[in-house]
Amino acid sequence: MKVNEIFSSIQGEGKYTGYPTVFVRFSGCNLRCQYCDTKYSYREGFEINIEDILKKIKLYGIKRVCITGGEPLLNDISFLLKRLKDYWVSIETNGSIDLGKYSLSKNHNFIMDIKTPSSGVSEFNLYENFKNLNDMDEIKFVISSKDDYIWAKEIINNYYIKGEIVFSTVFGKLRYEDVVKWILEDKIEARFQIQLHKIVWDVDKRGV
């Protein structure tokens with residue numbers, strides 16, 4: 001497996017926002033989103049086996065792990081997840097890869113990013129994945145315009161089954177209060193989130 005970095009920080013997004021977390025960032029991605037903030041993970045990285053990944057995780061003494069990328073599901077992470085059965089694990093995925101082959105433990109969850117039109121890669125969304133999500137999973141829409149928001153509402157109406165709906169913004173592209181206003185006006189059962197790590201640290205700082 002090729003990993004870009006392993007580090008500890010606070011979780012900046014999702015239902016575990018603010019909690020100390022170990023991040024395992026895999027190298028490689030099958031998409032090229034226009035607003036990607038981890039382009040360095042496309043190719044940079046080092047080869048490492050699962051046992052050594054586990055050793056590095058255990059050194060931090062933290063019980064929450066975020067598996068991210070790049071796109072981590074370009075690798076078969078089934079065995080890694082089994083070895084992390086006693087951890088709270090979130091798997092961040094870009095929504096273009098079949099989730100049906102994974103049966104997650106009750107303390108593991110997917111964060112599935114549905115690519116909006118402004119990403120430039122929305123044609124790669126695999127909408128069948130909505131059928132593979134459970135109540136613990138998250139469905140994230142990263143928006144940079146009102147048009148993205150309207151598009152996301154249509155996707156929710158057409159495909160949503162289970163999971164927590166999350167709206168996030170491309171950093172610096174929209175006023176937070178505008179997005180909150182839209183959600184309240186439309187009475188959408190969704191959570192609005194900001195990227196906390198970009199508030200705590202410089203927006204371009206790595207390893208946080």
Side-chain angles (χ1 to χ4, degrees), residues 1-9 11-14 16 21-50 52-53 56-57 65-81 84 89-102 104 108-130 132-133 137-144 148 151-152 155 159 163 166-173 193 195-198 201 203-208:
M1 291 182 170
K2 190 174 182 180
V3 167
N4 177 268
E5 55 186 349
I6 300 174
F7 61 94
S8 66
S9 183
Q11 176 57 269
E13 304 177 69
Y16 302 124
T21 303
V22 179
F23 292 83
V24 179
R25 186 183 305 284
F26 281 86
S27 301
C29 190
N30 59 323
L31 302 183
R32 293 294 183 268
C33 298
Q34 292 184 12
Y35 50 69
C36 180
D37 57 3
T38 54
K39 292 178 181 177
Y40 58 86
S41 68
Y42 291 168
R43 294 181 179 85
E44 293 180 21
F46 53 92
E47 294 295 331
I48 186 172
N49 60 45
I50 288 176
D52 286 336
I53 292 174
K56 288 180 178 291
I57 290 172
V65 174
C66 179
I67 296 174
T68 186
E71 172 49 60
L73 298 188
L74 292 176
N75 305 272
D76 184 356
I77 63 169
S78 300
F79 185 65
L80 178 60
L81 293 177
L84 292 171
V89 179
S90 294
I91 305 109
E92 295 184 339
T93 178
N94 63 28
S96 70
I97 294 175
D98 182 16
L99 305 182
K101 63 182 179 180
Y102 291 96
L104 300 187
H108 294 181
N109 75 297
F110 285 118
I111 302 174
M112 185 176 74
D113 193 341
I114 295 295
K115 299 303 181 182
T116 57
S118 69
S119 71
V121 292
S122 58
E123 69 271 21
F124 294 102
N125 289 320
L126 187 61
Y127 297 112
E128 286 294 308
N129 273 332
F130 277 89
N132 298 317
L133 299 178
D137 298 320
E138 299 175 52
I139 305 154
K140 183 172 70 172
F141 296 91
V142 179
I143 64 174
S144 64
D148 275 352
W151 179 91
I155 295 299
Y159 296 103
V166 179
F167 281 98
S168 186
T169 65
V170 177
F171 194 82
K173 286 291 186 180
Q193 71 173 20
Q195 292 178 294
L196 183 62
H197 52 293
K198 292 185 178 181
W201 293 282
V203 296
D204 296 319
K205 187 174 177 62
R206 290 171 57 167
V208 295

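Just so you know, residue 1 is the first one in the sequence shown, and it goes up from there.
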*Between Phe26 and Lys2, does a side-chain contact (heavy atoms from CB on, under 4.5 Å) hold up when you go through it step by step?*
CA-CA 6 Å; Phe26 281 86; Lys2 190 174 182 180; over 6 Å; no
*Test side-chain contact (heavy atoms from CB on, under 4.5 Å) on Ser9 and Phe23 and set out the steps.*
CA-CA 8 Å; Ser9 183; Phe23 292 83; 3.9 Å; yes
_Stepwise side-chain contact (heavy atoms from CB on, under 4.5 Å) check, Lys101 with Asp76_ = CA-CA 10 Å; Lys101 63 182 179 180; Asp76 184 356; 5.5 Å; no
_Show, in sequence, the C-alpha distance, side-chain angles and deciding distance for Asp137 and Ile111, and conclude whether the side-chain contact (heavy atoms from CB on, under 4.5 Å) test is met._
CA-CA 6 Å; Asp137 298 320; Ile111 302 174; over 6 Å; no
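Inter-residue side-chain proximity for Phe171 and Tyr35 is flagged as unmet; no heavy-atom pair is nearer than 4.5 Å. The shortest side-chain heavy-atom distance between Cys66 and Val24 does not fall under the 4.5 Å cut-off. Taking 4.5 Å as the limit, some side-chain heavy atom of Leu99 sits within range of a side-chain heavy atom of Leu133. Side-chain contact check for Asn132 versus Tyr102: every heavy-atom pair is 4.5 Å or farther apart. Counting heavy atoms from C-beta on, the side chains of Leu80 and Ile67 come closer than 4.5 Å. At a threshold of 4.5 Å between non-hydrogen side-chain atoms, the residues Val142 and Phe167 do not count as touching. Under the 4.5 Å side-chain criterion, counting only non-hydrogen atoms from C-beta, Phe79 is not in contact with Leu81.
Checking side-chain atoms of Asn49 against main-chain N and O of Asp52 turns up a donor-acceptor pair under 3.5 Å. Between the Asn4 side chain and the Glu44 main chain, a donor and an acceptor come within less than 3.5 Å of each other. With hydrogens and angles ignored, the 3.5 Å screen pairs a side-chain donor or acceptor of Glu71 with a backbone N or O of Asn94. His108 contributes a side-chain N or O that, together with a main-chain N or O of Leu84, makes up a donor-acceptor pair within less than 3.5 Å. In this structure, the side chain of Lys140 does not engage the main chain of Glu13 through any donor-acceptor pair within 3.5 Å.
For the atom pair CZ (Phe110) and CD1 (Ile139), the distance works out to 12.5 Å, reported to the nearest 0.5 Å. Rounding to the nearest 0.5 angstrom, the gap separating the OH atom in Tyr42 from the OG atom in Ser27 is 12.5 Å. Put simply, CD1 on Ile91 and OG1 on Thr68 are 10.5 Å apart, with the number rounded to the nearest 0.5 Å. To the nearest 0.5 Å, atom OG of residue Ser90 and atom OH of residue Tyr16 are 5.5 Å apart. Between the OG1 atom of Thr169 and the CD1 atom of Ile143 there is a distance of 7.0 Å, given to the nearest 0.5 Å. Separating the CD1 atom in Ile97 from the CG atom in Leu74 is a distance of 4.0 Å, to the nearest 0.5 Å.
Thr21 and Gln11 form no side-chain donor-acceptor contact under 3.5 Å, judged by distance and modelled atom types alone.
With a 6.0 Å cutoff to the six-membered ring centre and a 45° limit on the axis angle, Arg25 does not count as a cation-pi contact of Phe7.
When all heavy atoms are compared, the tightest approach of Ser168 to Gln195 is OG-CG, 4.4 Å.
Between Phe130 and Tyr159, the ring planes are parallel. Angles under 30° get that label, and only those over 60° would be called perpendicular.
For the pair Lys198 and Asp37, the salt-bridge criterion is met [side-chain N within less than 4.0 Å of a carboxylate O].
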Kindly list each side-chain donor-acceptor pair under 3.5 angstrom involving residues 118-126, sequence neighbours excluded, with atom names and distances?
from, atom 1, to, atom 2, distance (Å)
Ser118, OG, Ser144, OG, 2.9
Ser118, OG, Asp148, OD2, 2.5
Ser119, OG, Thr116, O, 2.6
Ser119, OG, Val121, N, 3.1
Asn125, OD1, Lys115, N, 2.9
Asn125, ND2, Lys115, O, 2.8
Asn125, ND2, Ser122, O, 3.0
Asn125, ND2, Tyr127, OH, 3.3

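Atom CZ of Arg43 has 12 or fewer neighbouring heavy atoms from other residues, nucleotides or ligands inside a 6.0 Å radius.
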